[in-house]
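Contents: one structure, followed by commentary.
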Amino acid sequence: ILLAAVAVYLLVQKVSRSLAARPSGRPGAAVAAEEPDVVVRRQEALAAARLRMQEELNAQAERYKEKQRQLEEEKRRQKIAMWESMQEGKSYKGNLKVSQQELESGASSSAVPKSKPNKKPLRGGGYNPLSGEGGGTCSWRPGRRGPS
């Protein structure tokens, strides 16, 4: 067994030396070294794509910041209106609900309403996992006491 292990070790060493001495086995490496203009064009295209994606990301960030500013401004207006109604002695909760409804109606008019498909519930109304009723065939019962 010891001699077989030594033979396998020497064989692995010889194979690894021969693989290290061989030039790179990738055919793409030789092609890339022969045609540097292709590499340059590919890198330029990659840089242009990255720049375009970065500009898109910046535009999305600006839109998000503007939306956040508008929401903050609306919240500030609601707080001012609530404070004024409190100063006048009116109920501020009623005004808050009205303003929330106005916001929802404004948001729903600009967005397309989504229709939800009619889904039936996964289980019947009488399902109770603790009682063991309505669970179907997978009910658990404790085993018999004593030796089996």
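Put simply, the side chain of K65 does not reach to within 4.5 Å of the side chain of Q68, judged on heavy atoms. The shortest side-chain heavy-atom distance between E55 and L51 falls under the 4.5 Å cut-off. Side-chain contact between Q60 and L57 is present, with at least one heavy-atom pair separated by less than 4.5 Å.
The existence of a salt bridge linking R76 and E73 is confirmed by a sub-4.0 Å separation between a basic side-chain nitrogen and an acidic carboxylate oxygen.
Within a 6.0 Å radius of CG in L10, other residues, nucleotides and ligands contribute more than 12 heavy atoms.
Among residues two or more places apart in sequence or in another chain, the side-chain contact (heavy atoms from CB on, under 4.5 Å) test is passed with R50 by L46. Every residue meeting the side-chain contact (heavy atoms from CB on, under 4.5 Å) condition with R42, not counting sequence neighbours, appears here in chain and number order: V38. For E66, the salt bridge (charged side-chain N to carboxylate O under 4.0 Å, His left out) partners are R69, not counting sequence neighbours. Residues meeting the side-chain contact (heavy atoms from CB on, under 4.5 Å) test with R145, sequence neighbours left out: none. Shown here are the side-chain contact (heavy atoms from CB on, under 4.5 Å) partners of L2, two or more places apart in sequence or in another chain: there are none.
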Can you give the donor-acceptor pairs under 3.5 Å from side chains of residues 12-21 to other protein atoms, not counting sequence neighbours?
from : atom 1 : to  : atom 2 : distance (Å)
Q13  : NE2    : Y9  : OH     : 3.4
S16  : OG     : V12 : O      : 3.3
S16  : OG     : Q13 : O      : 2.8
S18  : OG     : V15 : O      : 2.8

Should V39 and E35 be marked as a side chain to side chain contact (heavy atoms under 4.5 Å, CB included) after you check the CA-CA gap, both sets of side-chain angles, and the distance that decides it? CA-CA 7 Å; V39 173; E35 301 178 21; over 6 Å; no
Let me see the working for N58 and E62 under side chain to side chain contact (heavy atoms under 4.5 Å, CB included), right down to the final yes or no. CA-CA 6 Å; N58 290 342; E62 282 298 319; 5.8 Å; no
